[in-house]
Amino acid sequence: MLDVAAIRRDFPILARQVRGRRLVYLDNAATTQKPRQVIEALVRVYEQHNANPHRGVHTLATETTDLYEAARAHVARFINARRAEEVVFTENATAAINLVAHSWGRATLKPRDEVVLTHMEHHANLVPWQITAAETGAVLRFIPLLPDGTLDMDAARRLIGPATRIVAVTAMSNVLGTINDLRPLIDLAHEFGAVVLVDGAQSVPHIATDVQALHCDFLAFSAHKMLGPTGVGVLYGRYELLDRMGPFLAGGSMILKVEWERSRYNEVPWRFEAGTPNYADAIAFDAALDYLEALGMDAVREHEVQLTAYALGRLAEVDGMRIFGPPDATRRGGVISFYYGDIHPHDVGTVLDYAGVAVRAGHHCAQPLMQLLDVPATVRASFYVYNGRDDVDALTDALTETAKVFGYAARTRAG
Amino acid sequence: MLDVAAIRRDFPILARQVRGRRLVYLDNAATTQKPRQVIEALVRVYEQHNANPHRGVHTLATETTDLYEAARAHVARFINARRAEEVVFTENATAAINLVAHSWGRATLKPRDEVVLTHMEHHANLVPWQITAAETGAVLRFIPLLPDGTLDMDAARRLIGPATRIVAVTAMSNVLGTINDLRPLIDLAHEFGAVVLVDGAQSVPHIATDVQALHCDFLAFSAHKMLGPTGVGVLYGRYELLDRMGPFLAGGSMILKVEWERSRYNEVPWRFEAGTPNYADAIAFDAALDYLEALGMDAVREHEVQLTAYALGRLAEVDGMRIFGPPDATRRGGVISFYYGDIHPHDVGTVLDYAGVAVRAGHHCAQPLMQLLDVPATVRASFYVYNGRDDVDALTDALTETAKVFGYAARTRAG
Amino acid sequence: MPLEPELDELYREIILDHYRSPRNHAPLAHADVSEEGLNPLCGDEIALQLAFNDDRIAAIGWGGRGCSISQAAASMMSEAVLGRTAAEAEALRAAFEAMMSSGAEPDSELGDLEVLQGVNKFPVRIKCALLAWKVLAQALAARAGHSSRQPRQVERSR
Amino acid sequence: MPLEPELDELYREIILDHYRSPRNHAPLAHADVSEEGLNPLCGDEIALQLAFNDDRIAAIGWGGRGCSISQAAASMMSEAVLGRTAAEAEALRAAFEAMMSSGAEPDSELGDLEVLQGVNKFPVRIKCALLAWKVLAQALAARAGHSSRQPRQVERSR
Ligand SMILES: Cc1ncc(COP(=O)(O)O)c(C=O)c1O
Ligand SMILES: Cc1ncc(COP(=O)(O)O)c(C=O)c1O
């Protein structure tokens with residue numbers, strides 16, 4: 001089990017007050033807070049090593065290059081990639097998916113080829129495919145959801161077939177919390193020679209990830225959702241696949257030999273990293289991985305399962321509460337979306353903020369899913385390593401207050 | 001004049017030693033060091049405000065959004081843009097140029113349309129245009145250089161004509177130091193209805209920039225080359241132009257309304273910022289602009305002109321020194337590329353590093369220009385606000401040592 | 001955990017009343033202009049219809065969904081401009097926007113609308129209060145002939 | 001400002017000698033295999049040609065330009081492998097690479113090549129010392145029939 005009190009002491013922002021109340025940060029699916037170990041690593045780069053990597057023979061440049069490449073190697077180990085060269089640093093998970101939609105998608109897809117997505121994709125794993133489909137004539141197909149918020153696997157088996165070129169699917173829904181059972185989907189896609197991109201933005205921070213065991217071809221995620229700094233995303237790609245892909249962004253570092261009219265491109269992964277990379281943040285991300293590994297990803301998961309089970313129980317006691325996603329905490333991540341009575345999520349969010357409780361209220365970059373759920377938006381509480389039961393209690397207490405403001409007859413049965 | 005000793009105290013890394021010697025950092029054209037004011041601003045974001053902007057109603061999200069948008073407004077003021085919405089944050093200058101090559105270029109260029117570049121462009125302002133040209137059938141034309149390293153304006157007048165759609169030109173060469181006289185070029189391009197992209201990666205950090213006076217349509221630059229953190233670039237674009245451009249990267253935030261098969265895109269500039277932006281670094285960049293404004297951009301320029309003049313003089317005393325670019329310090333930036341006797345730049349760089357002097361040795365992401373100069377690479381020393389004459393002296397002293405190692409008969413006439 | 005007075009300033013009784021019982025909340029059978037707008041952050045949507053008698057707003061109808069502030073603001077707006085000329089409605093809009101954006105002292109002619117001033121303390125919600133008024137501005141502009149054909153977006157959410 | 005002893009370790013007299021007077025530094029008139037490689041950081045280029053007599057390297061020629069380390073390493077490599085069989089050359093290459101990459105104690109058969117061990121302390125320059133040897137590996141592979149047609153790149157610079 002995690003020692004939440006000790007962990008909290010590592011996060012300077014958690015000492016802060018919001019409108020005179022303790023900050024209860026439950027917006028972790030959007031971005032997480034940073035432990036001082038990560039902040040210090042960032043400061044250390046700038047105070048001791050800073051230089052443009054890959055371009056210099058001097059000491060600072062050598063040090064920065066080594067630290068940057070060590071971060072890459074660490075990411076590779078963290079997801080059990082075969083080699084460091086399978087890790088491309090991008091600006092965020094969104095840029096990582098765009099890289100695939102562009103460099104793999106535009107080069108590969110032909111009219112009527114099928115791109116299979118699901119009805120729970122984040123805009124980041126939907127809009128790039130809309131654009132690539134429009135450019136190539138490929139067609140989008142969507143795996144629908146069952147009423148409990150899980151993927152309809154029967155439908156998936158009907159949808160994935162010889163026309164399928166890529167299946168792009170999230171490992172965990174940022175709205176429903178659903179953890180998808182990816183292996184059967186991936187095996188199915190591979191049977192038909194399709195590749196599989198996994199959107200790991202919500203899963204990699206919370207669940208131990210092994211790309212070799214998963215058999216996925218691509219995996220995208222963001223450092224800022226796992227204690228790391230902003231401005232760093234990761235695209236993992238199988239080496240053979242990356243190696244066959246043309247560049248996306250072009251400029252310095254991604255080239256091997258430039259002439260006026262044409263260029264030869266560099267090896268993977270540098271072929272995909274044009275210009276000065278965000279090395280300082282990538283190096284600080286290395287420290288975030290250290291932090292998570294010290295906690296242990298299995299302990300992180302266990303903690304969140306327990307906290308989610310507790311939260312589901314407490315919220316179920318609140319009258320008029322409509323909770324989305326699978327009811328079983330072991331089948332979902334620590335992300336709980338709900339609609340409270342007839343109170344608009346935006347209003348709930350504002351009142352909760354007054355209680356110091358930071359939740360997200362909105363469409364969570366999943367507008368079409370909101371339509372399926374038949375709500376304009378939801379309130380979403382999401383957990384991480386520094387959250388405890390006291391945070392869940394603060395949430396439910398504040399919801400009771402919200403009901404009072406709006407004259408909604410909310411009662412907690414046991415609260 | 002700048003108080004170099006006082007400025008140095010603001011830069012923690014300058015207290016560091018390299019192999020027992022004072023760090024003499026002369027690799028500023030690659031990236032600059034960061035004052036503690038910037039590092040502290042970065043720490044402050046993470047310790048006090050951090051949340052995903054633009055997506056939340058809670059206090060932290062509001063604060064972060066305000067700080068992020070304030071940074072955008074500050075950048076707009078810094079370059080005298082008409083409005084904050086003309087500033088798009090990207091990962092670096094390279095990504096900013098790619099955005100234009102993609103969203104403007106691919107949508108606009110037709111076969112045989114002409115893209116006019118120059119023989120002094122950085123790969124970042126060359127390779128994206130090669131790719132866009134290959135995709136659209138447009139043709140690249142190059143403005144050649146005169147022997148003193150300035151643009152051949154007669155040739156430019158012959159090259160720019162009715163077929164020209166865009167002129168993409170650097171404001172200052174990162175190899176030669178040449179400061180281009182852009183206004184005549186821009187006026188010429190506009191006469192023919194072409195748009196002009198200015199690569200300001202080297203100029204904006206060193207010379208006061210006024211996009212309205214310049215009449216440029218696009219301007220790209222990087223925060224990390226002007227005391228700011230890594231991972232932040234800027235694309236300035238005239239509002240009317242940006243507003244007509246389709247998106248580049250796709251995902252959260254850049255959309256207005258998403259349906260399963262299609263999406264409507266957000267307003268400018270957010271249309272071009274997909275996913276979670278690198279807000280922490282953008283906010284710290286704001287502090288870098290504060291720092292530069294406190295020094296005064298005119299004082300920065302004046303300081304560099306004087307230092308460059310001094311350095312050109314000292315280097316000219318070194319026997320066997322071949323200096324590239326305009327001889328007049330008022331017509332160039334604080335970037336000096338040279339070739340020393342028959343000693344390969346890589347070797348010079350290594351020996352200088354032993355003296356604590358960090359310079360760049362290589363092709364500086366301008367491989368074809370190296371061929372024009374008929375050298376495999378150059379050594380490049382480049383200055384910023386914390387450099388003084390003592391740094392230049394350290395450089396020339398170390399060059400004398402280099403000659404000794406290689407048995408090259410170097411003598412400084414006055415040293 | 002008692003609520004802060006500030007929160008009461010936001011959710012004034014009159015606002016909640018408009019939210020629960022919105023006025024003019026139905027489409028018009030015969031509209032001269034129809035416009036819509038949306039706020040992508042929270043998905044608030046407002047569709048507005050106006051019917052004119054000469055230059056005077058003779059009938060108004062609106063629909064949409066969203067948070068209490070956006071819905072109450074739309075309801076209050078519909079009451080406030082009904083019966084006014086286009087120019088008067090525009091003047092009211094300007095006065096309202098000034099109050100919301102700059103925190104300017106409310107114009108006395110704003111009447112009931114003044115209760116929305118409390119929203120000013122919640123920057124992230126200002127867009128909610130302005131949404132209906134922005135759609136009104138589109139509708140007035142459309143009637144004046146500067147219409148943009150497709151539904152215009154309103155403001156980017158904050 | 002006297003130079004550090006470490007720097008002398010890098011620029012040993014024998015290295016500078018090879019740099020100034022490179023051996024086998026001319027194209028072969030009749031080559032059995034030709035390969036080239038480049039290091040994008042500093043623009044070092046090595047073009048290598050081998051002529052075989054049975055399995056033995058009967059003639060070697062190289063060209064290119066680059067820093068002292070890359071040029072001296074190419075010169076020394078060319079002397080070291082001339083007259084050896086492909087298998088012997090490959091064994092020498094492996095021993096050299098092990099010494100450079102891992103800092104392993106030099107294999108005694110490396111002879112003069114040992115002077116390049118000092119480069120090991122300059123991580124950024126190791127690629128320079130290895131460039132010629134990587135091209136040799138390509139050439140031996142090409143001869144063995146695993147040739148890749150177009151000029152192969154060598155290592156990404158550091
Ligand atoms: C003239 C010029 N343009 C563009 C760039 C690219 O900047 P960045 O690597 O930050 O994208 C640089 C610096 O490397 C430069 O000197
Ligand atoms: C499931 C999912 N995919 C992708 C993303 C995009 O991540 P980012 O905004 O860091 O690019 C997010 C988070 O916003 C997410 O939750």
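Residue numbers begin at 1 in each chain, while the letters A, B, ... track the order of the sequences.
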Drop me the distance from B/Q33's CD to A/Y46's OH, to the nearest 0.5 angstrom. 10.5 Å
Identify the heavy atoms of B/N52 and A/R360 that sit nearest to each other, and give their distance. O-NH2, 3.3 Å
Between A/A250, A/P128, A/G251, which has the largest tally of heavy atom pairs under 4.5 Å with chain B? A/A250
Measure the spacing between CD of B/Q17 and OG1 of A/T59 and express it to the nearest 0.5 Å. 12.0 Å
Tell me if a side-chain donor or acceptor on B/N92 pairs with a main-chain N or O of A/N278 at a distance below 3.5 Å. no
A/Q130 side, atom CD; B/E259 side, atom CD - distance, nearest 0.5 Å: 8.5 Å
Which region of B/V359, side chain (C-beta onward) or backbone (N, CA, C, O), has a non-hydrogen atom less than 4.5 Å from a non-hydrogen atom of chain A, or is it both or neither? backbone
What are the two closest non-hydrogen atoms of B/S263 and A/V127, and how far apart are they? OG-CG2, 3.8 Å
So do the side chains of A/T62 and B/D353 get within less than 4.5 Å of each other, counting heavy atoms only? no
Tell me which of these, A/H119, A/K257, A/K34, has more heavy-atom pairs under 4.5 Å with chain B than the rest. A/H119
At what distance, to the nearest 0.5 angstrom, does CG of A/D281 lie from CG of B/D281? 4.5 Å
Under a 4.5 Å heavy-atom cutoff, which of B/V43, B/L60, B/N125 has the most pairs with chain A? B/L60
Could you walk me through whether A/T64 and B/T31 pass the side chain to side chain contact (heavy atoms under 4.5 Å, CB included) test, one step at a time? CA-CA 12 Å; A/T64 300; B/T31 199; over 6 Å; no
Can you tell which part of A/L126 gets under 4.5 Å to a heavy atom of chain B, answering side chain, backbone, both or neither? side chain
Between B/I97 and chain A, which part of the residue has a heavy atom less than 4.5 Å away: side chain, backbone, both or neither? neither
Going by the angle between their ring planes, with limits at 30° and 60°, are B/H102 and A/H102 parallel, tilted or perpendicular? tilted
Heavy-atom distance under 4.5 Å to chain A: side chain of B/I283, backbone, both or neither? neither
Kindly indicate whether the side chain of A/T276, heavy atoms from C-beta on, has any atom under 4.5 Å from the side chain of B/S222. no
Heavy-atom pairs under 4.5 Å with chain A - which of B/P368, B/P12, B/A51, B/A124 has more of them than the others? B/P368
Check whether B/T32 gets within reach of chain A through its side chain, its backbone, both or neither, counting any heavy atom under 4.5 Å. backbone
Side chain / backbone / both / neither for A/E261 at chain B, heavy atoms under 4.5 Å: both
Which atom of A/R16 lies closest to which atom of B/Q48, heavy atoms considered: NH1-O, 2.6 Å
Quick check: closest heavy atoms across A/W260 and B/L140, and the distance to 0.1 Å? O-CD1, 4.0 Å
Report which part of A/L26 has an atom under 4.5 Å of a heavy atom belonging to chain B: side chain, backbone, both, or neither. neither
With a 4.5 angstrom heavy-atom cut-off, which part of A/R141 approaches chain B: side chain, backbone, both or neither? neither
Which answer fits B/E47, side chain, backbone, both or neither, if we ask what part of it has an atom under 4.5 Å from a heavy atom of chain A? both
So, the part of A/V139 with a heavy atom under 4.5 Å from chain B: the answer is neither
Heavy-atom cut-off 4.5 Å, strictly under: side chain, backbone, both or neither for A/L23 against chain B? side chain
Between the side chain of B/Q367 and the main-chain N/O of A/V258, is any donor-acceptor distance below 3.5 Å? yes
I'd like to know if the side chain of A/N98 and the backbone of B/L249 have a donor-acceptor N/O pair within less than 3.5 Å. no
Is there side-chain contact between A/V45 and B/T230, with at least one heavy-atom pair below 4.5 Å? no
For A/G252 and B/H123, the nearest pair of non-hydrogen atoms, with its separation, is N-CB, 4.0 Å
Proximal component of A/L42, with respect to chain B [non-hydrogen, under 4.5 Å]: side chain
B/E91 side chain to A/G231 backbone, donor-acceptor under 3.5 Å: no
Heavy-atom distances under 4.5 Å only: say whether A/F11 touches chain B with side chain, backbone, both or neither. neither
Go through the atoms of B/R380 and report whether side chain, backbone, both or neither lie under 4.5 Å from a heavy atom of chain A. neither
Of all the heavy-atom pairs spanning A/V57 and B/T350, show the shortest one and how long it is. CG2-N, 3.9 Å
Of the listed residues (B/Y25, B/Y279, B/W129), which shares the most heavy-atom pairs with chain A below a 4.5 Å separation? B/Y279
Bottom line for A/P229: the part with an atom under 4.5 Å from chain B's heavy atoms is both
Okay, B/E121 and chain A: the region with an atom under 4.5 Å from a heavy atom over there is neither
So which of A/R36, A/E40, A/E135, A/M370 has the biggest tally of heavy-atom pairs under 4.5 Å with chain B? A/E135
